[in-house]
Asker: 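If you scroll down you'll find the structure; I have some questions about it.
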Amino acid sequence: TFTAGRPGALLPGRRLECSCVLPPRRQARACMECVDITRHTPHWPETDMAATAIAVEPTLHAVSPGAPALTVWPLWQRVLFRFFFVYLLLQISPWEWFGAIPGTGKLINQYGRLVDWGVTKSNANLFHVRETLVPVNGSGDTSWAFAQMWLFLALAAIACIVWSILDRRRPHYERLAWWLRMIVRYYLATVAVSYGIIKLFALQMGFPTLSQLATPLGDLLPMRFSWLFIGYSFKYQFFSGAMETLAGLLLLYRGTVTAGLFAAVGAFLNVVMINLSYDVPVKLFSMHLLFSSLFLLALDSRRLANLLVLN
């Protein structure tokens, strides 16, 4: 019902339904259409139309208080989201999760061959990590893995530029952000639970054998030394596994995601520091886990800052 003439006065016999219940993108246009209709109503005095347009516009949005507000991300946030969306999907490769489905194995193998071809060609012509790439084996920090990381970063940058040009008018990516958050969350949960469980039963770092105990300390490689000092203490290994398992379980439920991310950051930060300090060759993998956890926390940075910093 529009207010016409004097502010607060109702025009008898004239009832007009406003279409502000439309989606946010069409609300502004719909409101202007409503005002235009009032302008062309012959029963209303022309002198009242200006006052009507001024008085009506704030009233239109009040008829649908539950309508969602239009969200507009700043430019830097949209650009960063495009980049990390592509990079994290390439790094996680969630399509490989469906390898157990009959008929998908061939497609996933073809994707693996394509990635291997891209890594080899890009290293030979652009990155030059090593002249001959060593494929991923028991070590995850091979030259092939570093070349793959540089390839994914380059592809993400190119995709970000193209995406920003073609889709520069989109105000936000709320739906894509929801999907990316879910994919990264379940990826972290599965990795944390799988590594945590084997630590709970002391299966990752075994207790030192007699020959290892008889080896002079200076003959041990840094990685072997770290493996032995963790494997020597069942309590410490169990504690590490319990923290990782707890983080993974908390990440499975929406209400405890933030708590799970804090636990995951603490657990993965400890793993990253051990890998860097003792030259354990899974630095890239552990650093990606830590970065993914921090990325999900960054999505809630404003809420966390209000609680933890601004009180």
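This one's a predicted model, so the numbers in the text were calculated from it and none came from an experiment.
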Asker: Using the test side-chain contact (heavy atoms from CB on, under 4.5 Å), find all partners of Ile101 that sit at least two apart in sequence or belong to another chain.
Answerer: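 Here the qualifying residues are Phe98, Thr104.
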Asker: Phe85 and Trp179: ring-ring contact (aromatic ring centres under 6.0 Å, His included), yes or no, with the steps?
Answerer: CA-CA 10 Å; Phe85 180 84; Trp179 282 104; over 10 Å; no
Asker: Taking everything shown except Phe234 itself, do over 12 heavy atoms lie less than 6.0 Å from its CZ?
Answerer: yes
Asker: Identify the heavy atoms of Leu252 and Ala189 that sit nearest to each other, and give their distance.
Answerer: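 That would be CD2-CB, 3.7 Å.
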Asker: Without swapping roles, check the side chain of Asp116 against the backbone of Gly112 for a donor-acceptor pair under 3.5 Å.
Answerer: no
Asker: Given 3.5 Å as the limit, does a donor-acceptor pair link the side chain of Thr245 with the main chain of Ala242, or not?
Answerer: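 Flag not set: sc Thr245 to bb Ala242 has no pair under 3.5 Å.
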Asker: Could I get the full list of ring-ring contact (aromatic ring centres under 6.0 Å, His included) partners for Phe229, not counting sequence neighbours?
Answerer: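 Phe229: ring-ring contact (aromatic ring centres under 6.0 Å, His included) contacts with Tyr278.
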Asker: Between Tyr187 and His288, do the side chains contain an N or O donor and an N or O acceptor separated by less than 3.5 Å?
Answerer: no
Asker: Would you indicate whether Met287, at its atom CE, is surrounded by more than 12 heavy atoms from other residues, nucleotides or ligands within a distance under 6.0 Å?
Answerer: no
Asker: Rounded to the nearest 0.5 Å, what's the gap from CG on Leu188 to CG on Leu250? Could you check?
Answerer: 12.5 Å
Asker: Report whether Met273 and Met243 are members of the same hydrophobic cluster (ILVMFWY, side-chain heavy atoms less than 4.5 Å apart, transitive linking).
Answerer: no
Asker: Any non-hydrogen side-chain atom of Leu107 less than 4.5 Å from a side-chain atom of Trp95?
Answerer: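 Leu107 vs Trp95: side chains apart.
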Asker: If you apply the rule side chain to side chain donor-acceptor pair (under 3.5 Å), what do you find for Arg82 with Ser164, and how did you get there?
Answerer: CA-CA 8 Å; Arg82 293 162 186 154; Ser164 299; 2.9 Å; yes
Asker: Over all heavy atoms of both residues, which pair between Val272 and Ser286 is shortest? Give the atoms and the distance, please.
Answerer: CG2-O, 3.5 Å
Asker: To which residues is Phe207 joined in a hydrophobic cluster, defined by side-chain heavy-atom contacts under 4.5 Å among Ile, Leu, Val, Met, Phe, Trp and Tyr, whether direct or through other members?
Answerer: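 Same cluster as Phe207: Tyr232.
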Asker: State yes or no: are the ring centers of Phe291 and Phe84 separated by less than 6.0 Å?
Answerer: yes
Asker: Using modelled atom types only, decide if a donor and an acceptor are shared between the side chain of Ser301 and the backbone of Leu297 within a distance under 3.5 Å.
Answerer: no
Asker: Is there any salt bridge (Lys or Arg N to Asp or Glu O under 4.0 Å) pair reaching into residues 203-225, and which pairs are they, with sequence neighbours excluded?
Answerer: none
Asker: Is Trp117 close to Thr120 at the side-chain level, that is, under 4.5 Å between some pair of heavy atoms?
Answerer: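 Thr120 vs Trp117: side chains apart.
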Asker: Given Val134, which partner from the list Asn137, Val136, Thr132 fulfils the side chain to side chain contact (heavy atoms under 4.5 Å, CB included) test?
Answerer: Asn137
Asker: Test of understanding: with side-chain hydrogen bond (donor to acceptor under 3.5 Å, both in side chains), list the residues that count as partners of Gln148, not counting sequence neighbours.
Answerer: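 Listed in chain order: nothing, the list is empty.
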Asker: Does the pair Ser226 and Val280 meet the rule for a side-chain contact (heavy atoms from CB on, under 4.5 Å), with working shown?
Answerer: CA-CA 8 Å; Ser226 68; Val280 181; 3.8 Å; yes
Asker: Give the intermediate values and the outcome of side-chain contact (heavy atoms from CB on, under 4.5 Å) for residues Gln237 and Gln204.
Answerer: CA-CA 9 Å; Gln237 187 171 180; Gln204 186 175 11; 4.0 Å; yes
Asker: Between Asn123 and Val119 (side chain of the first, backbone of the second, donor and acceptor by atom type, cut-off under 3.5 Å), is there such a pair?
Answerer: no
Asker: At their closest point, which heavy atom of Ile92 faces which heavy atom of Trp97, and how far apart are they?
Answerer: CG2-CZ2, 3.7 Å
Asker: Identify the heavy atoms of Ser139 and Pro281 that sit nearest to each other, and give their distance.
Answerer: OG-CB, 3.1 Å
Asker: Is it true that a side-chain atom of Glu244 and a backbone atom of Val193 form a donor plus acceptor pair closer than 3.5 Å?
Answerer: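 The answer is no, because no donor-acceptor pair under 3.5 Å joins these two groups.
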Asker: Say whether, by atom type as modelled, one donor and one acceptor occur between the side chain of Ser233 and the main chain of Ile230 under 3.5 angstrom.
Answerer: no
Asker: Using every non-hydrogen atom in the two residues, find where Thr258 and Arg303 come nearest and quote the distance to one decimal.
Answerer: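 Reported closest heavy-atom pair: OG1-NH2, 3.3 Å.
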Asker: Return yes when atom CD of Glu174 has more than 12 non-hydrogen atoms of other residues, nucleotides or ligands closer than 6.0 Å, and no otherwise.
Answerer: yes
Asker: Please tell me if the side chains of Phe81 and Leu176 come closer than 4.5 Å, counting only heavy atoms from C-beta onward.
Answerer: yes
Asker: Donor-acceptor check, side chain of Ser293 to backbone of Leu261, threshold 3.5 angstrom: yes or no?
Answerer: no
Asker: For the CZ atom of Phe262 and the CG atom of Leu308, what is their distance to the nearest 0.5 Å?
Answerer: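 Result: 5.5 Å between the selected atoms.
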Asker: Do other residues, nucleotides or ligands put more than 12 heavy atoms under 6.0 Å from the OH atom of Tyr111?
Answerer: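 Counting neighbours around OH of Tyr111, more than 12 heavy atoms of other residues, nucleotides or ligands fall under 6.0 Å, so yes.
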Asker: Apart from Ile161 itself, which Ile, Leu, Val, Met, Phe, Trp or Tyr residues share its cluster (side-chain heavy atoms under 4.5 Å, direct or through members)?
Answerer: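 Besides Ile161, the cluster holds Ile165.
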Asker: More than 12 heavy atoms of other residues, nucleotides or ligands under 6.0 Å from CG of Leu210: is that the case?
Answerer: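 At most 12 heavy atoms, drawn from other residues, nucleotides or ligands, come within 6.0 Å of this atom.
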Asker: Parallel under 30°, tilted from 30 to 60°, perpendicular over 60°: which one fits the rings of Trp163 and Tyr173?
Answerer: perpendicular
Asker: Give a yes or no on this: more than 12 heavy atoms of other residues, nucleotides or ligands lie within 6.0 Å of atom CH2 of Trp178.
Answerer: yes
Asker: Which atom pair, heavy atoms only, marks the closest approach of Gly118 to Leu151?
Answerer: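 Scanning both residues, the minimum pair turns out to be C-CD2, 3.6 Å.
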Asker: Kindly compute the distance separating CD (Glu96) from CG (Asn109), expressed to the nearest 0.5 Å.
Answerer: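 Separation between the atoms: 9.5 Å.
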Asker: When you measure from the side chain of Arg185 to the backbone of Leu251, do you find a donor-acceptor pair of N or O atoms at a distance under 3.5 Å?
Answerer: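 Side chain of Arg185 to backbone of Leu251, a donor-acceptor pair under 3.5 Å: yes, one is there.
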Asker: Does Trp150, at its CH2 atom, have more than 12 non-hydrogen atoms belonging to other residues, nucleotides or ligands within less than 6.0 Å?
Answerer: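 Atom CH2 in Trp150 is not crowded, with 12 or fewer foreign heavy atoms closer than 6.0 Å.
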Asker: Verify, without hydrogens or angle tests, whether Asp141 (side chain) and Lys283 (backbone) share a donor-acceptor contact under 3.5 angstrom.
Answerer: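 Looks like yes, one N/O pair under 3.5 Å.
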